[in-house]
Amino acid sequence: IERDGQSWLRTGAAATVSDFFASPLVRRAAPGIEAFEGDFASTLIRNMATLGGNIANASPVGDLTSMLIGLGAVLEIAGWAPSSPAARYVRIEEFFLGYKKIDLRPGEAIRAILIPAERDGSPLLFSFEKIAKRKKLDIAAVNTALSFRIEGGFARAARLSAGGVAAVPGLLKGASAALEGERVDRSDPAALARLARKVAAAAEAEVKPIGDVRGSAEYRKRMTGRLVLAHFVRLFAADGIAKELFP
């Protein structure tokens, strides 16, 4: 895991999940991300599982995949033969073509994952949430990740991802747009609560899940909105938003 110029972190596909969460560079790019390591499987699996393998597994509800989509990751894909064409780059949300179908051509593999790195100005706000039957060591019914910056009092570079609400994990473009450019006033908890409800409603309206043993379609849709509210409560815990959302 290394800095690749001034704009990106480059994480080799063979880096383990434990390597990823332990990296000071990753923690600097996404402050607080280490708090969510325990949501991903067990210590044994995190020490063995690689980022590239986890992504290529193409689970519709992969926790790491949702985090990486929320962070705006780009995949570096290349062939291993000397005659292979130059590497190509695919946004991670565009890598999943259908259930367990991925954008890998014959002879190709994921070589690296590129993550936008820190830049001058406001830090990235990042949050991950999941719903599962067990608190730990369980596959999620729904998971979501949210990232954005507050620049000049407004939300910028907003990305909300979701897993478990479609055949592939994805970026909720409508809900992300509902947050992008909105005023974020940390001194006004009522306004923060209104914004949280707006984004949550947009997320619920956007997803079209199916039902299975982990939850009905209606349950998943409702939980998507609730997880968005949980993101705002986590990110603005010191600003009184919880009392506004849940009086």
Side-chain angles (χ1 to χ4, degrees), residues 1-17 19-31 33 36 40 49-80 84-98 100-128 143-149 151 155-163 166-177 179-180:
I1 301 175
E2 60 186 4
R3 282 297 295 267
D4 187 4
Q6 296 302 308
S7 301
W8 299 89
L9 294 184
R10 187 178 187 277
T11 304
T16 68
V17 174
D19 292 335
F20 177 77
F21 284 109
S23 168
L25 293 174
V26 172
R27 294 182 179 194
R28 194 175 304 132
I33 193 171
F36 309 114
F40 184 99
T50 64
L51 270 68
N54 189 256
I55 295 166
N57 181 53
S59 168
V61 70
D63 295 329
L64 187 63
T65 302
S66 284
M67 293 184 198
L68 291 171
I69 293 174
L71 289 172
V74 173
L75 303 182
E76 180 180 299
I77 297 172
W80 296 109
S84 297
R88 60 190 181 94
Y89 296 86
V90 178
R91 292 186 181 277
I92 187 169
E93 64 267 23
E94 297 172 359
F95 179 69
F96 305 101
L97 306 178
K100 293 289 184 175
K101 294 182 179 179
I102 54 178
D103 184 13
L104 277 185
R105 300 165 188 167
E108 285 186 332
I110 301 170
R111 187 160 69 185
I113 299 93
L114 303 178
I115 301 169
E118 73 273 13
R119 61 185 184 184
D120 294 337
S122 60
L124 185 75
L125 299 179
F126 177 78
S127 174
F128 173 77
N143 59 26
T144 67
L146 174 66
S147 74
F148 64 99
R149 301 177 189 273
E151 297 180 351
R156 300 298 183 196
R159 292 179 65 88
L160 177 66
S161 65
V168 297
L171 179 68
L172 299 185
K173 296 180 180 179
S176 299
L179 177 57
E180 181 70 28

Practice problem: Could you pull out the closest heavy-atom pair between Ala73 and Ile113, with the gap in Å? | Solution: CB-CG2, 3.9 Å

Practice problem: For the pair Ser66 (side chain) and Ala145 (backbone), establish whether a donor and an acceptor sit closer than 3.5 Å, ignoring hydrogens and angles. | Solution: no

Exercise. Taking all heavy atoms of Gly163 and all of Val61, pick out the closest pair and write down the distance.
Key: C-CG2, 3.9 Å

Quiz item: Do Glu93 and Arg159 meet the salt-bridge criterion of a basic N to acidic O distance under 4.0 Å?
Solution: yes

Practice problem: For residues Ala109 and Trp80, report the shortest heavy-atom separation together with the two atoms involved. | Solution: CB-NE1, 3.2 Å

Quiz item: Would you say the side-chain atoms of Asn143 pair up with the backbone N or O of Phe128, donor to acceptor, closer than 3.5 Å?
Solution: no

Quiz item: Taking only residues two or more places apart in sequence, or in another chain, which ones meet Lys101 in a side chain to side chain contact (heavy atoms under 4.5 Å, CB included)?
Solution: Leu97

Practice problem: Please round to the nearest 0.5 Å and tell me the distance separating atom CG of Leu71 and atom OG of Ser161. | Solution: 8.5 Å

Quiz item: Where is the tightest heavy-atom contact between Ala117 and Ala29, given as atom of each residue plus distance?
Solution: CA-CB, 4.3 Å

Quiz item: Between Ser147 and Leu124, what is the shortest heavy-atom contact and its length?
Solution: CB-CD1, 4.0 Å

Self-check item: Exceeds 12 heavy-atom contacts within 6.0 angstrom, atom CZ of Arg91
Solution: no

Self-check item: Approximate separation, where rounding is to 0.5 Å, of Glu108 CD and Leu75 CG
Solution: 11.5 Å

Quiz item: Under 6.0 Å from the NZ atom of Lys100, do we count more than 12 heavy atoms belonging to anything else shown?
Solution: yes

Quiz item: About how many Å separate CG of Leu179 and CG of Leu160, when rounded to the nearest 0.5 Å?
Solution: 8.5 Å

Quiz prompt | Worked verdict on Leu25 versus Arg3 for side chain to side chain contact (heavy atoms under 4.5 Å, CB included) | solution = CA-CA 8 Å; Leu25 293 174; Arg3 282 297 295 267; 4.1 Å; yes

Practice problem: Could you tell me which residues satisfy side chain to side chain contact (heavy atoms under 4.5 Å, CB included) with Val26, sequence neighbours excluded, listed by chain and number? | Solution: Ile1, Leu9, Phe20, Ser23, Ile33

Quiz prompt | Sidechain-backbone polar pair: Arg27 side chain, Phe21 backbone, donor-acceptor under 3.5 Å | solution = yes

Exercise. Report the distance from atom OG1 of Thr50 to atom CG of Asp19, rounding to the nearest 0.5 Å.
Key: 10.0 Å

Quiz prompt | Residue pairs involving residues 56-76 (criterion salt bridge (charged side-chain N to carboxylate O under 4.0 Å, His left out); sequence neighbours excluded) | solution = Arg10-Glu76, Asp63-Lys130, Glu76-Arg111

Quiz prompt | Interatomic distance, Thr65 atom OG1 to Phe95 atom CZ [nearest 0.5 angstrom] | solution = 9.5 Å

Quiz item: When rounded to the nearest 0.5 angstrom, what is the spacing between CG in Leu104 and CD1 in Ile55?
Solution: 10.5 Å

Quiz item: Nearest heavy-atom pair of Phe36 and Ser127: which atoms, and what distance?
Solution: CZ-CA, 3.9 Å

Exercise. Report yes or no: does Thr144 contribute a side-chain atom to a donor-acceptor pair with the main-chain N or O of Ala162 at less than 3.5 Å?
Key: no

Quiz item: Where do Phe96 and Ile102 land on the side chain to side chain contact (heavy atoms under 4.5 Å, CB included) test, with the steps shown first?
Solution: CA-CA 5 Å; Phe96 305 101; Ile102 54 178; 4.0 Å; yes

